[in-house]
Peer 1: 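Handing you this structure, nothing more for now.
All values below come from the heavy atoms of this structure, side chains included, with hydrogens, waters and symmetry mates left out. Below, chains carry the letters A, B, ... as their sequence lines are ordered, and counting in each starts from 1.
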There are 2 protein chains.
Amino acid sequence: MTRRTRRTSGRVTLDDVARRVGVSKITISRALREPWRVSEGLRQRIHAVIDELGYIPNRQAGALASARSRSIALLVPSLSNAVFSEVIRGVDEGFAGSGYQVLLGHTSYSREEEAHLIDTYLSFGVDGFIISGSQHTDSARQRLSRCGLPICEIMELPESPLDMAVGLDHEAAGHALTGALLELGYRRLGFIGARMDYRARRRLEGWQRALTEAGLSTAACLTTESPSDYRLGGQLLGELLEQYPALEMVCCVNDDLAAGALFECQRRGIRVPDQLGLTGYNGLDITEATTPTLSTVITPRRRIGVAAASRMLSRLEGDQGTEVLQDLGFEIALRESTRPAGG
Amino acid sequence: MTRRTRRTSGRVTLDDVARRVGVSKITISRALREPWRVSEGLRQRIHAVIDELGYIPNRQAGALASARSRSIALLVPSLSNAVFSEVIRGVDEGFAGSGYQVLLGHTSYSREEEAHLIDTYLSFGVDGFIISGSQHTDSARQRLSRCGLPICEIMELPESPLDMAVGLDHEAAGHALTGALLELGYRRLGFIGARMDYRARRRLEGWQRALTEAGLSTAACLTTESPSDYRLGGQLLGELLEQYPALEMVCCVNDDLAAGALFECQRRGIRVPDQLGLTGYNGLDITEATTPTLSTVITPRRRIGVAAASRMLSRLEGDQGTEVLQDLGFEIALRESTRPAGG
DNA sequence: CTGAAAGCGCTAACAG
DNA sequence: CTGTTAGCGCTTTCAG
């Protein structure tokens, strides 16, 4: 009794190429993956046939057979936040030419969504994870630590890293920025924040610590869990100034809010920095473009991506590596939106 | 003679679950994919065991066996351009709950990179492509049309679409915006553009056609192939004004350039719109945030994504559909950066 | 340097 | 409602 043969995708397979060349399929496979193990002439014939037939390897079959997919998952909170587009670029750069494919996922700042994406990418058989942040659901932590894959947490420096981590100390950055502002002579400082995720909260904590150490008030602080955008920056600034009209400086938890706050100042005719100072955080392009330019903390977003990729690659190639946390630091950039030193 | 058994990934498989429950693995598979075909009680036991064992299906194996990966590729030029983050969001929304996974790729505005990504995603076995734009390399066009997968080109309305398309007419949009400016009384118009891809060129053509129809000069036009950013907007504006100091309006090919141009005006003390009008294109958040707000053309980016996803889904579910091109239009938004009507 | 056989983990097809 | 068999397209292992 003849069963009907299973309908196939109709695509060209390794076997098609092999038959055409007149060798066995393993030889084609080797010509692709270990070319030095196949004789020169044969290799050329094989490549000619591959081009002729338009053969495209089936990675799923390859991954299934070899238990390695040559892909890694990169999980970021948001694709619309320019901060992460530079991280992504860095990761891409870091993997360029390695043969690994980066699969991008965005969690919309939700741990549950993150947990779900982790399962999804595990079922895709990724060989490793690069994940923004250190705040995961319990079940995600379990899944990640049990799967045995290399993991790199990025952006911050976790207290208990799952595996590797590359980032910077946001509390220290918030503290350093605030310290620099105090040195410029500012005394009445406010803070506005949106989307107060872990890193944002750490910046705020740094701001609070610096002020407390200087014996100054941390009361003028207004935060919300809403997503950050320009208009919200203006709105929060307005609300803060209503309560604290005498502020001489408003620190914004990120550059978007700072730019929005600046636009609002322009709308209200508040001169920056003469009447009010403003700072952002991250060092996005816009901070160098506005009039006045915005003082900010420059975070090494692209370098974080590159470093994460390169550490991931070493691990995938067998290195165990020693250091767990990698601190890439930050840079305080004082520009036109804060009064000049000695001013 | 016993061959050594192949080392496996160590992960829990369908078989592990099946043995534990005491049924055959196909039943587990069905409980997951066609739950209604498995008896209530058994289904519950199965799910309990799945949770207990932490089973995660292997999609590669599933895809290999079924010749469907339940994933689709979304190719955009850039992840740092806010235009595309909204398209992506739309596509995600459109596929939410469908069981399809969106695999995101970015081409860096390079056709060669696009062609390469197409091969990559074909080797991942995606079930369809959503691709920005209609400008592909010959080999990419061939690959796409031969693979037999549903394809949706987005953002523009291609002259010879590969399959489906969802977008808008950028030439018409450029023409309409310019027409509206002429109605406001502007007569000496300039244009600045960066990253002059197909869509940008179409906008410029619309601008030129409108001016030509009105018998006005299109000479004050300055474009570059460099990537677009805020600072470039300022720089191009400066160069254009040097050559054409009497301009009363500068149309920018996108919102980034327009915002940058506005910041440059503020730097130079040029009052907008009193001394110079400014327009952008796309309707990004920043256009509503700056002081003054920026006149622009609002493009339905998110809706394009949603529509592309939903048409892709219909095709994946067997509908053939009739219409090829889907025009989602645009909206002219005249705001504070252009003089008021009758002004 | 090349090949044969086995099997990765799953699902389609055909029973029962 | 549940099971058996075959095989997706590739790579591993072992032989020559």
Peer 1: In whole angstroms, how far is the P atom of D:dG7 from the CG atom of B:Leu64?
Peer 2: 14 Å
Peer 1: Taking the side chain of A:Ser24 as heavy atoms from C-beta outward, which of C:dG3, D:dT11, D:dC10 is closest to it?
Peer 2: C:dG3
Peer 1: B:Ile50 CD1 to C:dG9 P: how many Å, rounded?
Peer 2: 16 Å
Peer 1: OP1 or OP2 of C:dC10 sitting under 4.0 Å from any side-chain N/O of B:Ser66?
Peer 2: no
Peer 1: To the nearest Å, how far apart are A:Lys25 NZ and C:dT2 P?
Peer 2: 18 Å
Peer 1: Between D:dT11 atom C1' and A:Arg59 atom CZ, what is the distance in whole Å?
Peer 2: 15 Å
Peer 1: Which residue lies toward the 5' end of DNA chain C, B:Pro57 or A:Thr27, if each is placed at its nearest nucleotide?
Peer 2: A:Thr27
Peer 1: In whole Å, what is the span from the CD atom of B:Glu34 to the P atom of D:dG3?
Peer 2: 15 Å
Peer 1: To the nearest Å, how far apart are A:Ile26 CD1 and D:dT12 P?
Peer 2: 8 Å
Peer 1: Looking only at side-chain atoms of B:Arg33, point me to the closest of D:dG3, C:dA12, D:dG9.
Peer 2: C:dA12
Peer 1: Just how far, in rounded Å, is C1' of D:dG3 from CG of B:Asp15?
Peer 2: 13 Å
Peer 1: Looking at every non-hydrogen atom in both residues, tell me the closest pair between A:Gln60 and B:Ala63 and how far apart they are.
Peer 2: OE1-CB, 3.1 Å
Peer 1: Show your working on side-chain hydrogen bond (donor to acceptor under 3.5 Å, both in side chains) between A:Ser110 and A:Ser108 and close with a plain yes or no.
Peer 2: CA-CA 5 Å; A:Ser110 149; A:Ser108 306; over 6 Å; no
Peer 1: Just to be sure I understand the rule, does A:Arg30 reach a base, reach only the sugar-phosphate, or reach nothing, if contact means heavy atoms closer than 4.0 Å?
Peer 2: base
Peer 1: Check every atom of C:dT11, C:dT2, D:dG9 against the side chain of A:Leu42 and return the nucleotide holding the closest atom.
Peer 2: C:dT2
Peer 1: Under 3.5 Å, is there a donor-acceptor pair between the A:Arg33 and A:Ser29 side chains?
Peer 2: yes
Peer 1: Counting heavy atoms from C-beta on, name the nucleotide in D:dG9, C:dA4, C:dA13 closest to the side chain of A:Ala65.
Peer 2: D:dG9
Peer 1: For A:Ser29 and D:dT11, is the shortest distance between a side-chain N/O and OP1 or OP2 below 4.0 Å?
Peer 2: yes
Peer 1: Among D:dT11, C:dC10, D:dG3, which nucleotide sits nearest the side chain of B:Leu14?
Peer 2: C:dC10
Peer 1: Decide side-chain contact (heavy atoms from CB on, under 4.5 Å) for A:Glu156 and A:Gln135; before the verdict, give the C-alpha distance in whole Å, the side-chain angles of both, and the deciding distance to 0.1 Å.
Peer 2: CA-CA 10 Å; A:Glu156 61 210 41; A:Gln135 311 291 303; 4.1 Å; yes
Peer 1: Which whole-number value in Å describes the distance from B:Ile46 CD1 to D:dC1 C1'?
Peer 2: 11 Å
Peer 1: State whether the number of non-hydrogen atoms from other residues, nucleotides or ligands found under 6.0 Å of A:His116 atom NE2 is greater than 12.
Peer 2: no
